There are 2 protein chains.
Amino acid sequence: MAEKAKIRSLPKFAHLPQGDFDQVYAAAAGRSFAAGATVSEQGDVATYFFVLLDGRLRVTQVTAESQQVIVRIVNPGDLFGIAKALQRTDYPGTATAVSDSVVLSWPMARWSDFMGNYPSMAMSAMQTMGTRLQEAQARMRELATEEVERRVAHAVLRLGEQSGREEAGGIRIDFPVSKQDIAEMTGTTLHTVSRILTAWEHAGLVVGGQQKLLLKDRRRLALIGDGEVPGLLGG
Amino acid sequence: MAEKAKIRSLPKFAHLPQGDFDQVYAAAAGRSFAAGATVSEQGDVATYFFVLLDGRLRVTQVTAESQQVIVRIVNPGDLFGIAKALQRTDYPGTATAVSDSVVLSWPMARWSDFMGNYPSMAMSAMQTMGTRLQEAQARMRELATEEVERRVAHAVLRLGEQSGREEAGGIRIDFPVSKQDIAEMTGTTLHTVSRILTAWEHAGLVVGGQQKLLLKDRRRLALIGDGEVPGLLGG
DNA sequence: CGGATTGTTGAGGATACTCAAGTTAGGTGG
DNA sequence: CCACCTAACTTGAGTATCCTCAACAATCCG
């Protein structure tokens, strides 16, 4: 089975002894989701945890006033839905496939087993949480201190790093992203995002399109993000 | 030694077998810091990790433009400075004592030992990170979607829960908090915080003072925080 | 080709920031 | 114990950023 070899090669599992890996793999169930389908829903009892094998997911949370926030994008190889690690019994967010996706799932009941019996998995889970914590804090800092245009610059650069694909002319965001999505990542409105991207497009920093984004000039985007250059709105 | 018993009783160590605890404790060094002193500094090589025994710390990060953000408040019993868990070799923030404080420290080199050899410590560290991750995401959501007055309401309520002491008339924040501090927790300015707290004081929700704060009406503060009531500014 | 989703653009206005000038509280030293 | 000095806080006025509301245009998909 090609799938097994593919999983074996993920950094997440690369350090497991072969016997352990076989046992962990035996407990897993694979499942496919078409773009637009929901993998797990905010508030539901967390019966499974997952690894994304292929595709792309968007994790959102809805506030009490039903405003949506995009918590993160899940890329292939990422662990998600680990409610147990957050001391929760329900999923804190909704994971939706934005491209056709394949996930591997384990019953949440096995979480403690895995963490206790396979130290290298525990380590790996901790690393995942560490990375996420740092990213959450970085976004917190941005939201607290930066103006919208800088936040949008950081958001698209992050998308480029985590979900980008090199392409003639720049870095293509490798899944459909709407202005609304970018707005929900940066705490602004789609209107403001539209104005910003239009200005950037005129300046040759990006090329947009419906749910498409190509980063043409990472350096200047980084300058805007770091506030070392005025920003192109308000002219 | 009374200190040892006290540490033993922390939730963090309560589940360790006695032998393990003795070994962990033997590796620790205690140290005291006067209010205002720096325990660990952003950017420094992370040579130790810590548990706070007594007092209160404020963890800040400084942005490239030297704006400060308060990442969190460390309360007695909390683990902090765990750079290794975040895959870092330096401290991501500065920890400053806001009250006279006592910390226990371990060489960072022992981190992997501890995590590998004492599964209950690894579990506990993971729980810590889980809690922090959730709190960071909650603050992200607030910063992205809520207006300033609501964010300030949430911030003071959090302070009350995590660092409050029951007192005749309400909940006293148990360490010196300035308006500037609250501003740095909520991504606003001390001016706006001052205006908000003044309005709240007139309405009988809180009692302020220089670096003092007493929460008198948690219920109404929660209503403001949840946006179920208009907010008292702008009248 | 038609309907729906996504995006554009303008005008007006609110929230919260900046700038500025004071006031109060608290600690220190005479 | 009082005077002083500094840090913390208050309050006002003006304004920038960004949101809301609104109408329309473009693109996608069956």
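Each chain gets a letter, A, B and so on, in the order the sequences are listed, and its residues count up from 1. The figures here come from the full heavy-atom set of this structure, side chains too, leaving out hydrogens, waters and symmetry mates. As the structure is a prediction and not an experimental result, all values here were calculated from the model.
- Within the structure, every side-chain polar atom (N or O) of A:S194 is placed at least 4.0 Å from both OP1 and OP2 of C:dT9.
- For A:L232 and D:dT17, the CG to C1' distance is 16 Å, given to the nearest whole Å.
- Distances shorter than 4.0 Å separate some side-chain N or O of B:K212 from OP1 or OP2 on C:dG26.
- If you run ring pair (Phe, Tyr, Trp, His ring centres under 6.0 Å) between A:W106 and each of A:F80, A:Y48, A:F49, only A:F49 comes through.
- Proximity of B:T198 to the phosphate of D:dT11: a side-chain N or O atom is located under 4.0 Å from OP1 or OP2.
- In the interface, the side chain of B:H191 is paired with the base of D:dT11 through a donor and an acceptor atom under 3.5 Å apart.
- Regarding A:I196, its CD1 atom lies at a distance of 14 Å from the C1' atom of C:dT8, rounded to whole Å.
- Between the C1' atom of C:dA25 and the CG atom of B:L213 lies a distance of 17 Å, rounded to the nearest Å.
- Rounded to whole Å, the distance from CG on B:D181 to C1' on D:dC9 is 13 Å.
- Within 4.0 Å of B:G187, counting heavy atoms only, lie sugar-phosphate atoms of the nucleic acid but no base atom.
- At a cut-off of 3.5 Å, with distance as the only test, a side-chain donor of B:T128 or B:K12 sits close to an acceptor on the other residue.
- In terms of position along DNA chain D, the nucleotide closest to B:G209 lies nearer the 5' end than the nucleotide closest to the other residue of the pair A:E146 and B:G209.
- In this structure, the CG atom of B:L197 is 12 Å from the P atom of D:dT11, given to the nearest Å.
- Residue B:K179 places its side chain closer to D:dC9 than to any other of D:dC18, D:dC9, C:dC17.
- B:R195 contributes a side-chain N or O that forms a donor-acceptor pair with the base of D:dG12 under 3.5 Å.
- Applying the side-chain hydrogen bond (donor to acceptor under 3.5 Å, both in side chains) criterion to B:Q134, with sequence neighbours excluded, gives A:R88.
- A salt bridge does not link A:D226 with A:R150: none of the charged nitrogens is closer than 4.0 Å to a carboxylate oxygen.
- A side-chain donor-acceptor contact under 3.5 Å links A:E135 and A:Q162.
- Remark: A:T192 is not in phosphate contact with D:dC18, judged by side-chain N or O atoms under 4.0 Å from OP1 or OP2.
- Between D:dC9, D:dC18, D:dA26, one nucleotide has an atom nearer to the side chain of A:Q210 than all others, and that is D:dA26.
- The side chain of B:T189 approaches C:dC17 more closely than any other nucleotide in the set D:dC19, C:dC17, C:dT8.
- Taking atom CD of B:E147 as the reference point, atom P of D:dC19 lies 11 Å away to the nearest angstrom.
- If you measure from atom CD of B:Q180 to atom P of C:dC17, you get 12 Å, rounded to the nearest angstrom.
- We find that CG of A:L233 is positioned 14 Å from C1' of C:dG10, with the value rounded to whole Å.
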